[in-house]
Amino acid sequence: MNVRGPIVSVGEARTVSTSYGERDLREVRVRPDRGAGEPVDVTLWGKWTETAEHAETGMELLVTEAEADEYRGETGYATTDESWVVLQPDFLVDVTGIRSWVQCPRMYYLNKLSGIPLNYPVVKGTVVHEVFGDLLRGMELEESVEDRVADAGLELGLLGYETEEVEDEVRRNAAAVEGWLAQGTLSDDDTWRSEFTLISPTFGLKGRADALRRGTPVELKTGKNTKREPRFHDKVQAACYALMLDERGVDPDIGTLLYTKNTALDRNEESGDLAPAKEFTVGRGFLEFVVRERNALAAMEWRALNDPGERPTVPTGYEADATCSYCFEQDACMVVSGRLDQESKAGQIGTAVPDAERDYFDRFYVALEEERRETHAEYRKLWEQTPEERAADDRALIDLEPVAQTEIADRRWELRARKPDDAVSKLREGDVALASDGDPVSGHGELGRITELGSDVVVVETDEPVELRRLDVYPSEISVDRSLTALHDAVLKGSESRKDVLFGRREPEFREPADRPAGSPGSDGPDAPDAYIDNNEAQNEAVELAVDAEDCALIHGPPGTGKTYTIARTIRALVAEGNRVLLSAFTNRAVDNALEALRDQGFEEWVASARPDGAGETGGILRVGTETGVREDMQDVRLVQRGDPNAKAAELRDAPVVAATTATCGSRVMRECDFDVALVDEASQLTEPGTHAAVNLADRFVLVGDHEQLPPVVRAENDLRTSLFQRLIETYPDASVMLDRQYRMSQRIQAFASAEFYDGALRPATPEVAGQTLADLGVDPDGLAPELTGGVGFVDPDGERDGNRNVREAERVAAIVEAYVAAGVDPDDVGVIAPFRAQVAEIGRRTDVTVDTVDRFQGSSKAVIVVSLVATGDLDGPIFEDHRRVNVALTRAKKQLTIVGDADALGSDPFYARMLDWARR
DNA sequence: GCTCTGCCAAGAGGA
């Protein structure tokens, strides 16, 4: 049986005499059933005592195949020959993490901090891996090599490599693979699979095996190894995959490592074993070793968040016996130790950063690791929830019926399935998702991208075919990983002057208007125009602040104040002065919206005339992002990474304006770029590390946002919840401008938000804006109930909240929409907003107009908005506690806002009571 | 008890 639960106490190590001779043991007391049961003692025998050394009270312990033993009248448990002992099984360790941990625990830590940099061996290694996959799928070597090298055009160009030399090298590597494949017994039972995604609930492991051959793992290494034995850490990696296959009952007895640089060409040069393939036995003892190492890693990660010390526990290098002088990371290791004043086996070099910076680093390191745990909790739901629960949680589409598996271009597969009509989920077209045969964890699962999601059909593209019966949200750690790297770059690589501002040691500085280049608005020149933007003082001031900023500028843009327009003017003004500008935002949608405003103002035509030599291929604008992420109308300026290396690198290096999400800014390609100014939109929705990802790439930065609207989306409760935008605007009010004239809402609609969130400073830009009404839409207000007119109204349908729905309220909302449409309002001019997805779905079934959650509505508006608040009885719940969400909901309407909710519930809270008073006035 | 977007992953090198 399995024993699993939090550890209550860990006993002393003992050695006892048994019938098998002297044996070590250690007792660990746990509360089984995940803490629900009475404490029991579990005896860990033999080498599992090493894992017990890492165990601490509070950690979770899992012992599989334990046997019950009676000792002094008490029932306890003990490990058997078949037992696995796993610490913190909920912590999902990546297989490549174990690989580096085994080399040196500190290397694991350093890799986490600085990510995989852009360097040639990595890029080449990736290309060879892809060619390997192609060969397994039966493609011709030559065709594959050309194709895959072309795909890597941009990265190779940034590294200064030419197509031919890379092709030659990849060809040599691939030839070794091909030769080995050819001499193998490619008979019927020589079954191959490439790229196998594995997640292990038992061992707390995840990873992707390069290939499986007859059920045994094959790892490709693009290096040379003339030793008889494979490198130890390579074996460890392959053994991890073997372990996970073992859990699925495959029981592989060997692992294969394929060193592609072991070719005949080298045969003259040196002696040694030059066969590219090296097989090794995967015995029980080796697998146990791998599990123990994984436990040590997971225990360290637990201590990072739980040890009572002032600073998070990080590896020092003393945990292992690697020799620092042999290590290629030695310099990096010493620099990190020196700068962050960490103890390390390699020693320290350089001066430590000030305490405030070190504390900041520690604080956000912990916060990001907490966020990682929350992501792991999402993974756990893949196997802990039943498919039905998963579907009810909106995280999966189940009961799909496979219709077709078609091989398409690039040796990928298109999987098509019928889906039940009413199935809803948070999955959307373009998302990366886990396609499976019904069981994503112990069955067959493949990572793929959703290319079509209709009412009764779903299409996914994957590397390998799967019977598509279920599609799950795939929780990715990429955001945490890139944020960690951005944090590292900001604190350890950031300039002193930048950090002076970030850490409150110096006020941001600004250039005098007189110092602007001749001809710029406000400069002394004869032809200088008066302003960057006429007829809106605050907007003009915002552009001035941004172009004059020596460090940073903060633009506060409440709803409807022309934020996007101001951004477009700012970018143009910056480029006019010869700056190279990075435009970023959290979402693809925000990036594309800002780009759209820039293009609508004729930016490209202006660049062509103002900077004829510097416009680059895409007319001055380059959008970096995935094909599915970038909106259709921006595809023409999207950077295609495939192509001639030099041309591709030049495109990225020379574009005056580059636009990308902050996640993309943290990618290894973007980390190679530099800019004069980074302008970040919707900065109030970004965490501090997320903002760093963009601003790290530039000398100066401009943040645009509104901290009275939605905050960053994070799962953990910690420092990540406050944006850098908010912190800086509170620290340096003088470095900010608030856009105070709004072009969206009538006077009546904006009044509440202005008073509650903007100290009454928000006002309509013109009398026309202030005075707009339903009548402007050609509607006769007399044909509508009085509470549906007059700018703002309130309706209490006397419904009942049921979970996150309120059916009666949904019916009433649909009826109200119906009334507006009947009165002559174009359905396109009506929008419905609700706080819960369930209520959105409930209302969506009853009307054809746009219905969405508050979060999804941020950034857009409609002439008529109906808000469904759902709550009855009381207003308990996080969603109602954050008033910023209400601010967003109430400021989407231009001419008419109708609030639907329960008057009693709203009256029970002072804020909502004020809202009610305003709505009923 | 809730809302939400990012984005696949991948590494050579030696005593």
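Protein chains get the first letters and strands the later ones, always in sequence-line order, with residue 1 at the start of each.
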Would you call [X]-[Y] a salt bridge at under 4.0 Å N-O?
X        : Y        : result
A:Arg106 : A:Glu329 : no
A:Arg373 : A:Glu370 : no
A:Glu369 : A:Lys112 : yes

d([atom1], [X]; [atom2], [N]) in whole Å:
X        : N     : atom1 : atom2 : answer
A:Arg589 : B:dT5 : CZ    : P     : 8 Å
A:Asp882 : B:dT3 : CG    : C1'   : 10 Å
A:Glu477 : B:dC7 : CD    : C1'   : 12 Å
A:Ile879 : B:dT3 : CD1   : C1'   : 4 Å
A:Arg721 : B:dC2 : CZ    : P     : 14 Å
A:Arg449 : B:dA9 : CZ    : P     : 11 Å
A:Lys426 : B:dT5 : NZ    : P     : 8 Å
A:Glu881 : B:dG1 : CD    : P     : 14 Å

Looking at every strand, decide which applies to [X] at a 4.0 Å heavy-atom threshold: base, sugar-phosphate, or nothing.
X        : result
A:Asp431 : base
A:Pro835 : sugar-phosphate
A:Thr853 : sugar-phosphate
A:Arg837 : sugar-phosphate
A:Phe836 : sugar-phosphate
A:Gly430 : base

With nearest nucleotide decided by heavy atoms, which residue, A:Asn804 or A:Arg856, maps closer to the 5′ end of DNA chain B?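 Per heavy-atom nearest nucleotide, the more 5' residue is A:Asn804.
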Per-nucleotide protein contact string for nucleotides 10-15 of chain B (B base, S sugar-phosphate only, - none; heavy atom under 4.0 Å): BBBBBB
Which residues pass the side chain to side chain contact (heavy atoms under 4.5 Å, CB included) test with A:Thr872, not counting sequence neighbours?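 With neighbours one apart ignored, the set is A:Glu800, A:Arg801, A:Asn806, A:Asp902.
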Considering just the side-chain nitrogens and oxygens of A:Thr661, establish if one lies under 4.0 Å of OP1 or OP2 belonging to B:dT5.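 Checking A:Thr661 against B:dT5: no side-chain N or O falls below 4.0 Å of OP1 or OP2.
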Between A:Arg428 and B:dT5, does any side-chain N or O lie under 4.0 Å from OP1 or OP2? yes
Got a sec, which residues hit side-chain hydrogen bond (donor to acceptor under 3.5 Å, both in side chains) with A:Asn111, two or more places apart in sequence or on another chain? none
Taking A:Phe880's backbone N and O only, do any of them form a donor-acceptor pair with A:Tyr912's side chain (distance below 3.5 Å, no angle check)?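 Confirmed, A:Tyr912 side chain pairs with A:Phe880 backbone.
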Report yes or no: do A:Arg631 and A:Asn593 form a side-chain donor-acceptor pair below 3.5 Å? yes
